[in-house]
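Read through the structure below, which is laid out as structure tokens, and then see the notes.
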Amino acid sequence: MLDNLKKYNIILGSASPRRQELLRGINIDFEVLPLSVDEDYPTNLNPHDIPEYLAVKKSDAYLKLPLSDNTLIITADTIVIIDNNILGKPTDKEEAKAMLRKLSDRTHDVITGVCIRTKTNRKIFKVVSSVRFSHISDAEIDYYLDKYAPYDKAGSYGVQEWIGYVAVEDIQGSYFNVMGLPIQRLYHELKSW
């Protein structure tokens, strides 16, 4: 499948092991080449537009490299939003605890923005999934943070880890989007390249 991509040297612009796992799952060859990009964004930007903005910003960083005409770059950014507030990656255990307490017994949105780019074309899209958590006790939060240390994850959790097994009551939308890459939508977008 996706024989149309054989003409490309595909680069995944992400160090995320979850994104790499998901992209491997659709059986395409790619190399991992993350670039360091500041993740600042305009303060007046609608929170639901931030992931696309950052995915494009990450993608634009590759334009400074000498790219061949057959290079295709995939970048992404995922955020968690609750009450129109962004929950990014926690800086420490206390911030992670506060985030998980905020998510407990509530519904939040996980939004991933994706940018697919060559030298001459660019496609940007986002996918939104709504996630409902059951009540999580402080003891459960401590257990999860001590055992899994999810400090590299937006919202302080990985849906594919223990917390997802015991706390996620419902997901409306893509499960893989909650993991960090809406692979089904990406697969369909890549068909047209």
Side-chain angles (χ1 to χ4, degrees), residues 11-23 32-64 72-92 94-104 106-118 121-133 150-161 163-164 168 170-190:
I11 294 173
L12 175 62
S14 175
S16 164
R18 293 160 302 281
R19 287 191 183 125
Q20 294 169 35
E21 173 190 349
L22 291 169
L23 195 54
V32 176
L33 182 63
L35 297 180
S36 181
V37 176
D38 79 77
E39 296 191 13
D40 294 337
Y41 50 84
T43 56
N44 63 343
L45 197 60
N46 180 313
H48 283 77
D49 296 332
I50 291 169
E52 285 175 299
Y53 177 89
L54 291 175
V56 169
K57 190 174 187 181
K58 291 174 182 180
S59 180
D60 286 348
Y62 289 86
L63 296 177
K64 298 172 186 165
L72 184 141
I73 301 159
I74 301 167
T75 55
D77 193 81
T78 302
I79 63 170
V80 172
I81 298 180
I82 190 165
D83 298 330
N84 222 30
N85 294 314
I86 298 166
L87 303 184
K89 296 173 186 172
T91 55
D92 57 28
E94 289 310 308
E95 187 176 15
K97 278 173 116 169
M99 286 183 187
L100 291 172
R101 283 182 185 133
K102 188 175 276 198
L103 297 176
S104 177
R106 310 252 332 264
T107 299
H108 61 276
D109 285 339
V110 178
I111 305 170
T112 302
V114 178
C115 183
I116 306 167
R117 153 183 312 256
T118 63
N121 288 326
R122 184 177 80 170
K123 173 70 177 183
I124 309 157
F125 63 89
K126 69 180 169 191
V127 172
V128 181
S129 302
S130 293
V131 182
R132 170 83 185 163
F133 268 32
Y151 303 112
D152 65 333
K153 297 173 181 71
S156 303
Y157 79 93
V159 70
Q160 71 282 3
E161 296 173 340
I163 198 86
V168 173
D170 185 61
I171 297 176
Q172 298 295 313
S174 168
Y175 169 83
F176 297 113
N177 180 52
V178 182
M179 274 182 71
L181 191 64
I183 196 67
Q184 183 269 345
R185 171 77 185 271
L186 178 60
Y187 173 83
H188 285 282
E189 295 291 347
L190 288 171

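All values derive from a computational prediction rather than experimental measurement. Each residue takes its place number in the sequence, starting with 1.
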Roughly how far, to the nearest 0.5 Å, is [atom2] of [Y] from [atom1] of [X]?
X: Asp77; Y: Ser16; atom1: CG; atom2: OG; answer: 11.0 Å
X: Asn84; Y: Ile82; atom1: CG; atom2: CD1; answer: 11.0 Å
X: Ile50; Y: Ile111; atom1: CD1; atom2: CD1; answer: 8.5 Å
X: Leu12; Y: Leu181; atom1: CG; atom2: CG; answer: 7.5 Å
X: Lys89; Y: Lys153; atom1: NZ; atom2: NZ; answer: 10.0 Å
X: Ser59; Y: Lys123; atom1: OG; atom2: NZ; answer: 14.0 Å

Give me the atom names and distance for the closest heavy-atom approach of [X] to [Y].
X: Arg122; Y: Cys115; result: CG-SG, 3.6 Å
X: Val159; Y: Val168; result: CG2-CG2, 4.0 Å
X: Gly13; Y: Tyr62; result: CA-OH, 3.0 Å
X: Pro150; Y: Ser156; result: CG-O, 3.1 Å
X: Gly180; Y: Thr78; result: O-OG1, 3.4 Å
X: Val178; Y: Ile171; result: CG2-CG2, 4.3 Å

From the list Thr107, Asp170, Asp109, side chain to side chain donor-acceptor pair (under 3.5 Å) with Ser130 holds only for Asp109

Do the side chains of [Y] and [X] get nearer than 4.5 Å, heavy atoms only?
X: Ile74; Y: Glu189; answer: no
X: Tyr151; Y: Glu95; answer: no
X: Val131; Y: Val80; answer: no
X: Ile116; Y: Asn121; answer: no
X: Phe176; Y: Gln184; answer: no
X: Tyr41; Y: Ile86; answer: yes
X: Thr112; Y: Lys126; answer: no

Could I get the full list of ring pair (Phe, Tyr, Trp, His ring centres under 6.0 Å) partners for Phe133, not counting sequence neighbours? His108, Tyr157

Is the side chain of Ser129 donor-acceptor paired with the backbone N or O of Ser174 at a distance under 3.5 Å, no angle test? yes

Any salt bridge linking Glu39 with Lys57? Criterion: basic side-chain nitrogen under 4.0 Å from a carboxylate oxygen. no

Could you tell me which residues satisfy salt bridge (Lys or Arg N to Asp or Glu O under 4.0 Å) with Asp92, sequence neighbours excluded, listed by chain and number? none

Leu72 and Ile11: side-chain contact (heavy atoms from CB on, under 4.5 Å), yes or no, with the steps? CA-CA 6 Å; Leu72 184 141; Ile11 294 173; over 6 Å; no

Test salt bridge (charged side-chain N to carboxylate O under 4.0 Å, His left out) on Arg106 and Asp83 and set out the steps. CA-CA 10 Å; Arg106 310 252 332 264; Asp83 298 330; 2.6 Å; yes

Taking atom OH of Tyr187 as the centre, does the number of heavy atoms from other residues, nucleotides or ligands within less than 6.0 Å exceed 12? yes

Any chance the side chains of Thr75 and Arg117 put a donor and an acceptor closer than 3.5 Å? no

